[in-house]
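Let me begin by presenting the structure, written as structure tokens, before commenting on it.
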Amino acid sequence: MFNSLFDQVDSIIVRDPAARNRLEVITCYPGLHAVWIHRVSHALWNVGLKWIARLLSMLARFITGIEIHPGAIIGRRVFLDHGLGIVIGETTEIGDDCTIYQGVTLGGTSLYKGVKRHPTLGKGVVISAGAKVLGGFTVGDGARVGSNAVVLKEIPAGATAVGIPARVLHPDLPQIANADSKAKEYFSAYGVTPNVDDPVSMALKGLIDATLEQEAKIVALEKALARLSNTPQDAGVASDTQRDLGALKEWLKE
């Protein structure tokens with residue numbers, strides 16, 4: 001029991017640079033208190049004492065500002081950072097080592113009882129402040145959801161989702177040989193991931209590349225026609241177009 005307690009506390013210290021020691025985490029972190037109370041209310045829920053379980057979850061909400069339905073399943077070393085305003089629905093499943101920031105809603109979009117209405121988070125998922133994950137789909141292991149994103153469909157493992165509705169970015173993350181020793185170095189606080197490409201800008205860059213290629217072919221055809229007809233050609237317009245498209249492409253890379 002105590003090993004599990006210290007394991008969760010130590011995982012919070014790794015992920016929060018503001019945490020100075022175990023005593024401070026145990027006494028001053030409402031996200032930790034909410035998870036502890038949920039463990040008790042979830043056990044009561046599973047043995048059929050559902051009213052008492054709901055009453056205990058409401059007490060936890062009053063104390064911590066975090067609402068967790070007693071039917072939700074929460075794995076080990078889950079960190080509710082800051083925590084205020086987090087809402088976790090009944091059929092939610094949260095994997096080990098997930099980090100959830102303030103204002104997050106793990107909600108459902110269905111009114112049918114007895115069905116999977118809320119999301120399932122894999123291991124090591126980061127849900128950033130204000131994000132809404134709505135529906136009975138899966139967020140893959142190691143995925144990240146950006147602040148204020150609204151996620152309505154499944155996210156692949158290791159991807160990052162941003163925007164309203166959320167679109168998936170595929171990050172070029174560093175390859176980690178030893179995940180345990182490097183976890184702190186590459187932890188994505190608030191879902192911020194280095195070296196990501198917006199799929200919209202990638203599509204625009206692809207269109208620009210195709211346009212430049214077509215411009216080059218058109219110039220080559222004009223030169224061939226000019227040689228055949230012995231008439232001079234004006235390459236100024238084509239070069240101006242290439243210059244403008246090149247400038248736009250560089251701007252998209254910034």
Side-chain angles (χ1 to χ4, degrees), residues 1-12 15 25-141 143 145 149-155 166:
M1 175 180 176
F2 287 104
N3 288 337
S4 177
L5 167 65
F6 289 137
D7 188 29
Q8 184 168 9
V9 171
D10 290 343
S11 73
I12 292 175
R15 284 178 276 180
V25 172
I26 291 171
T27 56
C28 301
Y29 277 61
L32 182 62
H33 304 155
V35 171
W36 285 346
I37 298 174
H38 172 73
R39 303 288 188 205
V40 179
S41 67
H42 183 66
L44 293 172
W45 181 270
N46 287 338
V47 298
L49 300 175
K50 299 187 184 298
W51 180 82
I52 298 176
R54 288 300 303 268
L55 186 63
L56 186 58
S57 69
M58 288 300 98
L59 178 62
R61 177 185 178 183
F62 177 77
I63 295 172
T64 65
I66 300 168
E67 181 175 340
I68 308 176
H69 192 284
I73 299 174
I74 297 181
R76 302 180 61 188
R77 298 178 299 277
V78 171
F79 180 25
L80 308 182
D81 196 357
H82 302 294
L84 187 65
I86 290 177
V87 177
I88 299 175
E90 177 185 5
T91 60
T92 301
E93 298 178 31
I94 302 176
D96 298 343
D97 301 303
C98 289
T99 303
I100 301 173
Y101 289 89
Q102 66 273 14
V104 166
T105 298
L106 303 180
T109 56
S110 169
L111 297 178
Y112 297 103
K113 293 183 178 181
V115 299
K116 174 69 171 169
R117 308 189 308 277
H118 302 89
T120 295
L121 308 186
K123 297 180 180 179
V125 173
V126 178
I127 310 293
S128 302
K132 316 300 177 188
V133 185
L134 308 175
F137 51 83
T138 298
V139 178
D141 295 349
V145 176
V150 178
V151 181
L152 301 174
K153 60 183 180 180
E154 185 170 335
I155 301 175

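It should be emphasised that the depicted structure is a prediction, and the values quoted were computed from it without experimental measurement. Numbers here are sequence positions counted from 1.
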Report summary line: On a heavy-atom basis, the closest approach of Val139 and Ala143 is CG1-CB, 3.7 Å

Query raised in the report: Any side-chain heavy atom of Asp141 within less than 4.5 Å of one from Val125?
Result: no

**Report entry** Separation of Phe137 CZ from Thr120 OG1 (nearest 0.5 Å)
**Finding:** 9.5 Å

Query raised in the report: Do Ile127 and Leu121 come close enough that some side-chain heavy atom pair is under 4.5 Å?
Result: yes

Query raised in the report: Any side-chain heavy atom of Val126 sitting closer than 4.5 Å to one from Val145?
Result: no

Query raised in the report: Should the ring pair His69 and Trp45 be called parallel, tilted or perpendicular, given that the plane angle runs from 0 to 90° and is split at 30 and 60?
Result: perpendicular

Query raised in the report: Does the side chain of Val35 come within less than 4.5 Å of Gln8's, by heavy atoms?
Result: yes

Report task. Supply the atom-to-atom distance Ile88 CD1 to Leu80 CG, rounded to the nearest 0.5 angstrom. Result -> 5.5 Å

Query raised in the report: Are Asp97 and Arg77 within salt-bridge range, i.e. N to O under 4.0 Å?
Result: yes

Query raised in the report: What do the steps show when you test Glu67 against Ile86 for side chain to side chain contact (heavy atoms under 4.5 Å, CB included), and what is the final call?
Result: CA-CA 6 Å; Glu67 181 175 340; Ile86 290 177; over 6 Å; no

Requested in this report: Test Ile100 against every option in Asp81, Val133, Leu106 by the side-chain contact (heavy atoms from CB on, under 4.5 Å) rule and name the one that passes.
Outcome: Leu106

Query - Over 12 foreign heavy atoms within 6.0 Å of NZ, Lys116 - result: yes

Query - Worked verdict on Tyr101 versus Leu84 for side chain to side chain contact (heavy atoms under 4.5 Å, CB included) - result: CA-CA 8 Å; Tyr101 289 89; Leu84 187 65; over 6 Å; no

Query - Close side-chain approach of Leu134 and His118, heavy atoms under 4.5 Å - result: no

Requested in this report: Would you name the heavy atoms of His38 and Ile74 that are closest together and state the gap between them?
Outcome: CD2-CD1, 3.5 Å

Query raised in the report: Hey, does the side chain of Lys132 reach the backbone of Gly103 with a donor-acceptor pair shorter than 3.5 angstrom?
Result: yes

Query - Salt-bridge present (Arg76, Asp7; N to O < 4.0 Å) - result: yes

Query raised in the report: Rounded to the nearest 0.5 Å, how far apart are OG of Ser41 and CE of Met58?
Result: 9.5 Å

Report summary line: Note: Pro30 and Thr64 closest approach over all heavy atoms is O-CG2, 3.6 Å

Requested in this report: Decide yes or no for Arg61 and Ile66: does some side-chain heavy atom of the first lie under 4.5 Å from some side-chain heavy atom of the second?
Outcome: no

Query - Distance (rounded to the nearest 0.5 Å) between Glu93 CD and Cys98 SG - result: 11.5 Å

Report task. Evaluate the side-chain proximity of Leu56 to Leu44: yes if any heavy-atom separation is below 4.5 Å, no if none is. Result -> yes

Query - Gap between atom CG of Leu59 and atom CD1 of Ile52 - 0.5 Å precision - result: 13.0 Å

Requested in this report: Mark yes when over 12 heavy atoms from residues, nucleotides or ligands other than Lys153 sit less than 6.0 Å from its NZ; otherwise mark no.
Outcome: no

Requested in this report: Give the intermediate values and the outcome of side chain to side chain donor-acceptor pair (under 3.5 Å) for residues Arg15 and Thr99.
Outcome: CA-CA 9 Å; Arg15 284 178 276 180; Thr99 303; 2.8 Å; yes

Report task. Report yes if some heavy atom in the side chain of Pro70 is under 4.5 Å from a heavy atom in the side chain of Arg54; otherwise report no. Result -> yes

Requested in this report: Report the distance from atom CD1 of Ile37 to atom CD1 of Ile68, rounding to the nearest 0.5 Å.
Outcome: 9.0 Å

